[in-house]
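Please read the structure below before turning to the comments.
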Amino acid sequence: MSDRRAEVAENLTQVRARISAAAFQAGRSAQDVSLIVVTKHFPASDIEILASLGVRDVGENRHQEAQAKAGATDGLDVRWHFVGNLQSNKAAAVAGYAHVIESLDRAKLVHGLARGASEANKTLDCLLQVNLDEPEVDAGGRGGARPTDIVPLAEQVMAAEGLRLRGVMAVAPRGQRPLAAFEKLVEVAAKVRRVDPTATWISAGMSGDLEEAISAGATHVRIGSAVLGQRPQIK
Ligand SMILES: *Cc1c(COP(=O)(O)O)cnc(C)c1O
């Protein structure tokens with residue numbers, strides 16, 4: 001086994017144990033929590049290692065990098081989650097290789113995503129990204145729709161051909177207790193389920209706060225550094 005493979009395998013074992021322990025604590029089944037490994041800044045060779053270790057879902061936050069890696073690992077049985085800020089002029093292109101868009105946060109993206117999905121002849125899973133900052137705080141480009149804008153956005157996604165509304169996603173804001181933030185997200189998720197009862201996914205929790213997310217009810221956690229180590233800097 002290569003050193004890198006051994007390191008990733010060890011980290012993955014630890015993260016899976018953390019997920020199991022958090023699920024147990026919350027009285028939930030670990031099988032109800034899906035792991036997405038966020039591979040941004042790491043090479044395509046790491047995705048091959050992850051796939052060989054049973055990881056089926058990977059996440060990326062930048063279009064160019066994601067597109068290149070999806071191309072380089074074509075043939076691997078992994079699903080690509082786009083988790084980053086999405087520009088509307090890139091939406092159709094991202095829909096070409098992504099299986100899940102987790103960062104759908106404005107109506108302007110719906111048309112491009114639907115067009116890309118239709119061109120690729122597929123149905124694209126969509127999560128609405130919720131901005132959990134206090135109303136007076138500027139999101140500072142972190143993205144996400146305000147909770148009050150989520151239901152109208154959900155209705156637009158539901159009406160779009162080729163898009164399947166799956167649920168919600170959020171990043172815990174700095175300066176808030178993650179558990180309180182994730183509980184807010186769970187309330188927004190319930191509102192979305194009143195519009196579409198099948199939209200049951202709640203993507204929350206990263207390396208530092210996956211326990212709080214699972215305790216609040218996350219169905220998907222997005223883990224980068226705890227599996228792959230500290231991200232290499234990219235210029
Ligand atoms: C990078 C990233 C993650 C993973 O973060 P870690 O702290 O490395 O686990 C999760 N979600 C999003 C949206 C990200 O950009």
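Predicted model, so just to flag it, every value in this text is computed and none were measured. Every number for a ligand or one of its atoms is a count from 1 in the order of the listing.
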Result block: side-chain N/O donor-acceptor pairs under 3.5 angstrom for residues 160-176, not counting sequence neighbours:
unit_1 : atom_1 : unit_2 : atom_2 : d
Arg166 : NE     : Asp125 : OD1    : 2.9
Gln176 : NE2    : Leu132 : O      : 3.0

Verify whether one side chain among Ser45 and Arg4 offers a donor that lies under 3.5 Å from an acceptor in the other.
no
Which protein residues have a heavy atom closer than 4.0 Å to any atom of ligand 1, listed by chain and number?
Val38, Lys40, Val83, Met206, Ser207, Arg222, Ile223, Gly224, Ser225, Arg231
In terms of heavy-atom contacts, Ala199 and Val192 come closest through CB-CG1, 3.9 Å
So, are Lys184 and Glu187 salt-bridged, with charged N and O less than 4.0 Å apart?
no
Could you note down all residue pairs passing ring pair (Phe, Tyr, Trp, His ring centres under 6.0 Å) where residues 45-78 supplies at least one of them, sequence neighbours left out?
His63-Tyr97
Validation: residues 225-232 side-chain donor-acceptor distances under 3.5 Å, sequence neighbours left out:
unit_1 : atom_1 : unit_2 : atom_2 : d
Ser225 : OG     : Ser207 : OG     : 3.3

